[in-house]
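In what follows, a structure is listed as structure tokens, so that the remarks can point back to it.
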Amino acid sequence: MDTKKLARYLIGKTLIHDTPEGRMAGRIVETEAYIVGDAAAHAFIGRTARNQSLFLERGHAYVYFIYGNWYSMNVSAEKVGVGAGVLLRALEPLEGISIMQRRRGETSLEDLLRGPGRLATAMGIDRYYDGMDLCTKGPIWLGAAVKHAGPIRSSVRIGITKEAHRLLRFYERGSPYVSGPLRLRS
DNA sequence: AGTGCGATTGACT
DNA sequence: GTCAATCGCACTA
């Protein structure tokens with residue numbers, strides 16, 4: 001499975017985080033692929049202290065800090081030594097909603113996990129989780145789909161300038177929990 | 001040691 | 001719709 005396939009595969013799966021406050025879980029409804037040779041990818045410049053988790057075996061967390069305020073989470077996508085990942089851009093709230101709302105403020109269900117920075121804030125994800133294996137049950141992991149996913153559509157990626165034309169963003173069509181402008185949600 | 005900028009968000013016009 | 005905030009990282013010297 002390559003990075004692009006993983007980005008599609010992850011739609012509908014769940015992200016679960018167990019904390020002392022309780023369990024939080026969300027259903028992945030939007031992803032973006034950052035593939036090998038992609039000038040927009042963090043791994044493009046080669047392995048560094050910051051991005052080394054992208055070079056781990058498929059299924060590990062790469063968490064980075066951006067714009068002085070936000071964290072975003074990726075799933076490493078290729079075999080060891082190859083840098084590529086899938087950015088988690090939006091989740092549908094499933095469990096631990098009151099915990100997440102406490103972290104994010106009094107936001108609607110639709111805005112709670114809509115956007116990479118928002119979902120990381122709500123789920124309590126920071127650099128502590130960087131490098132963790134998401135494929136085995138631990139503090140944070142990826143679970144099976146809880147319901148049948150709707151049709152998956154692709155679009156240009158959001159928030160980047162380099163290689164922005166590539167159709168490497170994937171989302172569940174019609175989901176109210178997807179980020180981005182309306183034309184990129186239907 | 002200094003510089004420029006980013007896989008975003010929230011506040012404001 | 002526009003725009004500032006904010007700081008870690010990569011790069012230059």
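The sequence lines fix the lettering, A, B, ..., with proteins before strands; numbering per chain opens at 1.
When hydrophobic side chains of Ile, Leu, Val, Met, Phe, Trp and Tyr are connected at separations under 4.5 Å, A:Val80 ends up as a singleton with no cluster partners.
A distance of 7.5 Å separates OG in A:Ser72 from CD1 in A:Ile66, rounded to the nearest 0.5 Å. The CG atom of A:Leu109 sits 6.0 Å away from atom CD of A:Gln101, with the distance rounded to the nearest 0.5 Å.
Proximity of residues 59-76 of chain A to DNA chain B (heavy atom under 4.0 angstrom from any strand atom) is restricted to A:Tyr64, A:Ile66, A:Tyr67, A:Trp70, A:Asn74.
The residues A:Glu21 and A:Arg103 are annotated as salt-bridged, a charged nitrogen and a carboxylate oxygen being separated by less than 4.0 angstrom. The residues A:Lys147 and A:Glu92 are annotated as salt-bridged, a charged nitrogen and a carboxylate oxygen being separated by less than 4.0 angstrom. Ion pairing between A:Glu172 and A:Arg153 fails under the 4.0 Å rule for side-chain N and carboxylate O. Using a cut-off of 4.0 Å between Lys/Arg side-chain N and Asp/Glu carboxylate O, A:Arg157 and A:Asp38 are scored as salt-bridged. Salt bridge annotation for A:Lys5-A:Asp2: absent, with no cationic side-chain nitrogen under 4.0 angstrom from a carboxylate oxygen.
Residues A:His42 and A:Tyr64 place their aromatic rings such that the two centres sit under 6.0 Å apart.
The footprint of chain A on DNA chain B, defined by a heavy-atom cutoff below 4.0 Å, extends from B:dG6 to B:dG10. Note that the first and last nucleotides of DNA chain C, 5' to 3', having any atom under 4.0 angstrom from a heavy atom of chain A are C:dT6 to C:dA10.
In this structure, A:Asn51 and A:Tyr62 approach most closely via the heavy-atom pair CA-CE1, 3.7 Å.
Within 6.0 Å of NZ on A:Lys13 lie more than 12 heavy atoms contributed by other residues, nucleotides or ligands.
Figure legend: cation-pi geometry between A:Arg169 and A:Tyr171, with NZ or CZ positioned under 6.0 Å from the six-membered ring centre and within 45° of its axis.
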Problem set entry | Pairing annotation in dot-bracket form, given for DNA chain C with Watson-Crick or G-U pairs under 3.5 Å and | for cross-strand partners | |||||.||||||.
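C:dC3 and B:dC5 are spaced 16 Å apart, taking the C1' atom of each and rounding to whole Å.
Annotation: of the two residues near DNA chain B, A:Pro116 and A:Lys162, the 5′-most nearest-nucleotide partner is A:Lys162.
Residues passing the side chain to side chain contact (heavy atoms under 4.5 Å, CB included) test with A:Ser154 are A:Leu167, A:Phe170, sequence neighbours excluded.
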